[in-house]
Structures are given as C-alpha cells and as structure tokens.
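Structure record follows, encoded as structure tokens.
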Amino acid sequence: MGHLISGRRSVPAFRTEVEARAGCGVLACFQCGKCGAGCPLQEHLDYSPSQIIHLIRLGQEETVLASKAIWLCASCETCTTRCPQGVDIARVMDAARSLAFDRRVPSAVPSVPSFYKATRANLMKFGRMFEVWLLASLKLRTGDITKDMDLGRKMMAKRKLNLFPTWNRVWETRAIFKRVARIEKERAAERAADTQSGSGSAGGAAASPREGGPGNASGGGNS
Amino acid sequence: MKFAYFPGCSLHSTSSEYDKSFRAVCAALGIELEEPKKWICCGTTPAHATSRLLGAALPVKNLRIMEEQGMTEVVVPCAACFSRFKCADHDIGKDPQLAADVAQAIGAEYGRTVKIRHPLELFLREDVRAILRQKVARPLAGLKVACYYGCLLTRPPEVTQFDDTEYPMSMDLLLRDLGAETIDWAYKVECCGASLSLTNSDIILDLTRKIILDAKARGALALVVACPLCHVNLDSRQFQAEEKYQTRLEMPVLFFSQLIGLALGLSGKELGTDKHLTDPSAILSAVQA
Ligand code: SF4
Ligand code: SF4
C-alpha cells in the first residue's frame, strides 16, 4: 500500500468537484473503516474505500485518480449501506472515476475504462447491448484477443449469445448521450465560476448525509 | 393480473433461460406480461460510472416509454436493471436539479407514475402466493438449496425498499413454500463482482469460488439466484474457477423462476435448464424423482 499523502497542496476544488458529481458530501466521514471492512474487493484494492474518502478530503487528486480502487469498485453498495455517517461511498467512487474518465487520466486498470467506452459506443450504435459486438470491440481496445475464448465458445454452443443485433431507438439514445454531455459541460462551467468567485466551497452543505434532503443532493456546487 | 415486463439486455441473450422460465411460470399462474415497445438498455455500470446524469437518464427514458404506453407497474427480473431503475427514480424524486437535467436529457417530463417491482416481490404478494401454493404439482421436498441475493436487490435499502438489507429472506420463504429446504449461510448478500466480469475475471473467479465453497460446506445442492450477472459469474465461469484453483466445485446454479417452474410441473426444457454451463441434472433428477 502506497503513502497516503503525496505532494504539498490540499485543494478543496477537487473535493467539491467530486462531491458535486456524487451528489453527496464526504466531510461527515469519521474514518471508522467500516466501509472497507465489508468491501468484497478490499483485498484487491490499493487504497481501501475509507482511504479514498480521506484522500478526497485532503485534496489528493493525483493519488485518487491514479488509484486502482476507483476502477475496481464493483458498485455493490455495501459501503454505502453500512456507513454510519451516511456517506454514499459507492457514488463517490463513481464520481472519482467519472472525473478520471472525462479528463482521460491514464487508468491503473485500463481495461475498465475500455469496457466503459466500448459499452457506451455499443449503446449509441444499437440502443441495447449487443454482446458479440461489445466483446469484439473490447478485445480491439485492450489488445487481449485470447481472453475468455473458452467461455465464448461454450456460450456460443449453448446459444447464449445473439449473432445478430436489433436496433432500438438509436437516434433517441444518441440524442440522450449528446444532451447529457452538453448539460454536464454547462454544470461544470457553473461550478468553475462558483469556485473562482469563492462561493463554491460551501463544503458544510455538501457534507450532510445522503438522506439529508434534496439540498444535499446538489452537492457543493450550483446553488 | 397484468404487468409491464422489462427483460433488459441480458434476458434477451446470456440469460435467456431466466426470461423463458419467468414467462413460463407467469403463464402457468395466469399472470400476463407485456414488454414495452422498443425499450433501450438501462446503461448499467458503464453509464452510472461515467456520468451520474446518464446513469439516471437511461432508466428514466425507459420509464417514460412505459408511461407513454399506459403502463403503471413494471416487473424487472434483472437485479442490475432493477437497481438502476430504483436508483434513478429515487434520485430524481429527491434532487430537483437532477430531475430537471434528466428531463432535458430525455426531452420529456416523466411523471413518476410507474411502480418498479422485482419478480420476487410479485411472487410474495398474498394473492399470487395463494395461487402458487394451489398449483404446486411437484413439491421440492428434499431439495436443499442456498438462496443467493447478491448485492443490488437489497442495497441501498432506502432506494430498493426490498426485504432486509443484510439478511433477506424473500427467496427463502418462496422456495420453502414450494417444499424446498433453504440453508443459513454467510454469502447471501456478498457481491459476485458483477460488472468486473469482462475486465477482471481473476477477481471474479476468486469471489465465485468463495461463494460456492461456503454454500457447499453447508450442504447446499444448488445455488439459487435472481440476477443474470450473478448467474454468468457463478454458473458460466464456474469451470474457469475450477481450472484456476484446481478444485471441483460442481455446484448447479438455477434461477429461482426455474425452481418455481419445476414445482409447478413444467419440464426442464420449458424452463431452459439445458442452457446452463454447469450441469444441473442432479437437481432435475432430485425434483423429478
Ligand atoms: S465513509 Fe463512512 S464507513 Fe467509511 S470510514 Fe468514513 S464514516 Fe466510516
Ligand atoms: S461499492 Fe465499491 S467500494 Fe463500496 S463495498 Fe462495494 S466494491 Fe467496495
């Protein structure tokens, strides 16, 4: 396990950006470690969920975005369910990886963002998952051609994979992806403006627990 | 009784036996299912992990499609789709800014009129349960199984509003009604690794092995699941775990709908039990004997 603290800066902008993306604050965390204790992936992670939360509070952007943990989190919601302080850790993990994804930070587990990209491309092409296409495009992205060939063959033999796609609301789906990207850009610009004018770091509001009412859900930004 | 039915992508491909058995059971019980026209993927992890807004917009788009088609209550067998629907619906209810952004993203206002149900909830409704009890043709007596709920059915509880979050019993009660014995075990709500299946199968095989070994040690003859992703990891990847850890697991993994079907007297073929990669014949002969 690496050193928790690297570099000298502590940047609240990183924390508030993560909080805004998560729709939940991290300041309520009192480092009890319960989230890590129940995490099924714990032994495979470089930083435990509680360490990721703490790193975010400390503004350790590079360490968080370069961690394996943010990509290996399986979104099982155990941590979120058990946190005595109402921190929605699973969403915070999502927020951190979405930030790394948007900023194209090289991933410590590159196959995961490749899988996200391949799936997103798949949905924009077909509207639904078309597994054969997805698997092929994932192989091209990761370069790991032989992975799961044994499984693929067996699933083919049992006719568990469709050989032909169906197309469903492809244009509507693409329009959703496009509009989402546009709205997110607008929100990010609003947050940046807020931070510059100094009003965006109202971390107190963002630190309220996940069931703390709708005010909490908009995080530290765009109020 | 009639419900909207959202199968999701997996039930149209990798877990078509879940689709087939659920439909067959509903038909036998006189429950009508109607698939919304032209539904789209719920977005699953690649959507919510890259954008909270996209992760909410895709499920809400589907709910809006159902609302437009006059549907008021939808049954969602895939635990991942179920979780995405519940989360999105919960979040737009709590966060007006997110709700406004979602409306803009899908180009429509969704009135939150569609109720979201997992089939386990459906089968535990008193009226359905009564019909079910009546129609049992082949009680599952002597069948000792481990009910595996995985992560997304019960978590987080304020979102899914389904059963006990740490020790759910709905599937156990349902199968006990049908005569089966269900065991008390430690991995009921542990995660199988779900969406890491395609990218980090090493981790999946580790989790698969642990889950199966616990069920085996406590004498379960089969695992019973309610999620297509769990099924791929536990059934279809089981042979890989056996190869990797040089051990024999030989644990049949069935969908709960297949067990209901067997109890109702339907044949394995009608329930798609021939589709599994891990041989379930021990269970089939135990039930049919
Ligand atoms: S996030 Fe919650 S569970 Fe995790 S260490 Fe902090 S207070 Fe404890
Ligand atoms: S949601 Fe992620 S971090 Fe939380 S317990 Fe599950 S795998 Fe671990």
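To find a chain, count down the sequence lines: A is the first, B the second, and so on, and within it residues start at 1. Given the structure is predicted, the values throughout are model-derived calculations rather than measurements.
How far CG of B/Asn200 is from NE2 of A/His44: 9.5 Å, rounded to the nearest 0.5 Å.
Counting heavy-atom neighbours within 6.0 Å of A/Arg182 CZ, excluding the residue itself, gives a total above 12. Other residues, nucleotides and ligands contribute only 12 or fewer heavy atoms inside 6.0 Å of the NZ atom of A/Lys68.
B/Leu54 touches chain A through backbone and side chain together, each having a heavy atom under 4.5 Å away. For B/Leu207, the part lying near chain A is the side chain, with the backbone staying farther off; criterion is any non-hydrogen pair under 4.5 Å. With a 4.5 angstrom heavy-atom cutoff, B/Leu196 touches chain A only via side-chain atoms. Heavy atoms of B/Ser197 lying under 4.5 Å from chain A belong exclusively to its backbone. Proximity to chain A is absent for every atom of B/Thr154, based on heavy atoms less than 4.5 angstrom apart. Contacts between B/Gln240 and chain A at a heavy-atom distance below 4.5 Å involve the side chain alone, from C-beta outward. Only the backbone of B/Lys37 has a heavy atom closer than 4.5 Å to any heavy atom of chain A.
Taking 4.0 Å as the cut-off between side-chain N and carboxylate O, B/Glu166 and A/Arg82 count as a salt-bridged pair. We find that A/Glu43 and B/Lys210 are joined by a salt bridge, their nearest charged nitrogen and carboxylate oxygen being less than 4.0 Å apart. Between A/Lys160 and B/Glu17 there is a salt bridge, with a side-chain nitrogen of the basic residue lying less than 4.0 Å from a carboxylate oxygen of the acidic one.
At a cut-off of 3.5 Å, with distance as the only test, a side-chain donor of B/Ser201 or A/Lys147 sits close to an acceptor on the other residue. Remark: the A/Thr80 side chain and the B/Arg155 side chain contain no N/O donor-acceptor pair separated by less than 3.5 Å. Looking at A/Glu131 and B/Thr14, their side chains never bring a donor and an acceptor atom within 3.5 Å of each other.
With chain B as partner, the option from A/Gly127, A/Pro40, A/Ala74 having the largest number of non-hydrogen pairs under 4.5 angstrom is A/Gly127. With respect to chain A, the highest number of heavy-atom pairs below 4.5 Å among B/Thr45, B/Val102, B/Asp206, B/Leu58 belongs to B/Asp206. Most heavy-atom pairs under 4.5 Å with chain B, from the set A/Leu99, A/Val170, A/Val112, A/Asp144: that is A/Val112.
A/Lys117 meets the side-chain hydrogen bond (donor to acceptor under 3.5 Å, both in side chains) test with no other residue; sequence neighbours excluded.
Taking the side chain as every heavy atom from C-beta outward, A/Leu134 and B/Leu198 approach each other to under 4.5 Å.
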